[in-house]
Amino acid sequence: MLNQLTTVQVWVHDQDEALAFYTEKLGLELRDDVTVPELGNFRWLTVGVPGQDVSIVLMAVPGPPVFDDETRGQIQALVAKGAATGLFFTTDDVQTTYEELKGRGVEFAQEPTQQPYGIDAGFRDPSGNQMRVAQLSG
Amino acid sequence: MAYVPATRHLLRAKDLADARYREPLDVPELAGAAYLSPAHFTREFRRAFGETPHQYLLTRRLERAAALLRTTDRSVADICLMVGLRSVGSFTTSFGRLFGLTPTAYRASFPPAVTRARIPICLQQAYARPQSRSFREDGAEKHR
């Protein structure tokens, strides 16, 4: 039986840019940042919500030997079109979080809006990944 | 308005220190979150939590720095800035007081971060696959 989700992944165009966004703007914490020479300098970069065990891998889109150049280009294009991955967060007070993040320069696509499941707001990371932050109704 | 125990405001300041230690946060700003003057805030915080807000914020930063020394291969100077401290010199001093080791020695006392990172095997296999190959089979294929 599976008992826990530990790690999820998002594709990012630039790991340094993504790290700055996810830590400085969203307030996540850096968990791992190691570069592995044996894996062609693969950089394992993870962040997470402080106090929660799930880590988010900020993954650069690899070229050969992982993907051929065409595949890599296709993934990059999909990410830039907002057609790749997304992350959905919760907060206790979406209005305050919205203002806080906006004040740090996060661009919101949707302001806090009442939905059947609560109030949530939508934004994107610098690569184009869909993000939402919701204050869920009990 | 409902009665709110004064310690609730102190707790808000403590939560702020935990949430925003990466930013240039200081005691006056924490005091503001508790609606108290810095001097009064420091006394009340100490009474409630057993240490001054300055100590609390600093030890949070050092605890986070220690985690980054264990789990990343970032430089000491980088880590110092990442936990909201400005001076590498005083970071090293405070770190030594708390952990009994310099940041570098502390890091060296643990297995290297790369051996602790749980990189899934599928990724390891994908990234380790040799890139440029010239197998004889390739040539044979061509001349078939």
Side-chain angles (χ1 to χ4, degrees), chain A residues 4-9 11 15-16 19-55 57-69 71-72 91-93 96-97 100-101 103-104, chain B residues 11-12 14-25 29 33 57 60-85 107 110-135:
Chain A
Q4 209 179 19
L5 174 71
T6 57
T7 313
V8 296
Q9 174 197 313
W11 293 122
Q15 286 180 307
D16 287 323
L19 179 61
F21 177 83
Y22 281 81
T23 56
E24 290 164 23
K25 297 202 171 173
L26 299 191
L28 303 195
E29 63 184 11
L30 173 61
R31 297 262 170 87
D32 308 277
D33 185 359
V34 295
T35 301
V36 193
E38 309 89 276
L39 302 180
N41 286 329
F42 169 67
R43 184 176 176 197
W44 176 247
L45 180 64
T46 75
V47 295
V49 176
Q52 194 197 22
D53 263 350
V54 178
S55 289
V57 187
L58 306 178
M59 188 77 94
V61 184
V66 181
F67 295 135
D68 58 69
D69 287 328
T71 306
R72 178 194 211 177
T91 178
D92 292 334
D93 180 348
T96 304
T97 303
E100 208 172 277
L101 299 189
R104 294 183 197 151
Chain B
L11 183 60
R12 185 169 298 113
K14 185 164 167 274
D15 288 344
L16 189 65
D18 289 335
R20 300 248 183 112
Y21 62 87
R22 302 170 202 79
E23 300 172 21
L25 195 63
E29 204 174 333
L57 178 59
R60 167 62 60 236
R61 285 174 161 151
L62 294 172
E63 177 272 324
R64 288 288 85 206
L68 293 174
L69 287 165
R70 296 192 307 269
T71 62
T72 76
D73 48 24
R74 295 207 156 228
S75 72
V76 170
D78 245 21
I79 289 175
C80 166
L81 295 176
M82 292 178 86
V83 298
L85 294 171
R107 168 176 269 166
F110 289 91
V114 67
T115 63
R116 300 166 58 95
R118 295 184 182 148
I119 303 172
I121 188 65
C122 58
L123 292 178
Q124 296 189 38
Q125 289 179 345
Y127 282 82
R129 209 159 52 83
Q131 193 170 347
S132 51
R133 292 154 299 171
S134 49
F135 289 143

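By convention in this document, chain letters (A, B, ...) are assigned in the order of the sequence lines, proteins followed by strands, and residues within each chain are numbered from 1. Side chains included, hydrogens not; waters and symmetry mates left out as well; all remaining heavy atoms used.
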Chain B contacts, top residue of A:G51, A:P64, A:G40 (heavy-atom pairs, under 4.5 Å)
A:P64
Can you tell me which of A:T46, A:V36, A:V34 forms the most heavy-atom pairs within a distance under 4.5 Å of chain B?
A:V34
Does A:E29 form a side chain to side chain contact (heavy atoms under 4.5 Å, CB included) with B:Y21? I'd like the steps, not just the answer.
CA-CA 11 Å; A:E29 63 184 11; B:Y21 62 87; 4.1 Å; yes
Can you give me the closest heavy-atom contact between A:V66 and B:A126, atom names plus distance?
CG2-O, 3.5 Å
Atom pair CD/CG of A:Q9 and B:L123 - distance to nearest 0.5 Å
6.5 Å
Side chain B:R22, main chain A:L28, donor-acceptor under 3.5 Å:
yes
Interchain contact, A:P50 with chain B, by part (heavy-atom threshold 4.5 Å)
side chain
For B:M82, run the side-chain contact (heavy atoms from CB on, under 4.5 Å) check against A:L30, A:D33, A:T23 and tell me which one passes.
A:L30
Contact part of B:E23 toward chain A, heavy-atom cut-off under 4.5 Å: side chain, backbone, both or neither?
side chain
More than 12 non-hydrogen atoms from neighbouring residues, nucleotides or ligands closer than 6.0 Å to CG on A:D92, yes or no?
no
Nearest non-hydrogen partners of A:A60 and B:Y127, listed with the distance
O-OH, 4.0 Å
Within residues 112-120 of chain B, residues adjacent to chain A where the heavy-atom gap is under 4.5 Å:
B:A113, B:V114, B:A117, B:R118, B:I119, B:P120
All side chain to side chain contact (heavy atoms under 4.5 Å, CB included) counterparts of A:D93, not counting sequence neighbours
A:Q95, A:T96, A:Q135
Gap separating the CG atom of A:D32 from the CZ atom of B:R70, nearest 0.5 angstrom:
11.5 Å
Between A:T35 and chain B, with a heavy-atom cut-off of 4.5 Å, which part of the residue counts as in contact: side chain, backbone, both or neither?
both
Closest heavy-atom contact between B:R74 and A:D16?
NH2-OD1, 4.3 Å
Top residue by heavy-atom pair count (under 4.5 Å) with chain B, among A:E24, A:E38, A:E100?
A:E100
Begin from the C-alpha positions of B:Q124 and A:L39 and carry the test side chain to side chain contact (heavy atoms under 4.5 Å, CB included) through to its verdict.
CA-CA 7 Å; B:Q124 296 189 38; A:L39 302 180; 4.1 Å; yes
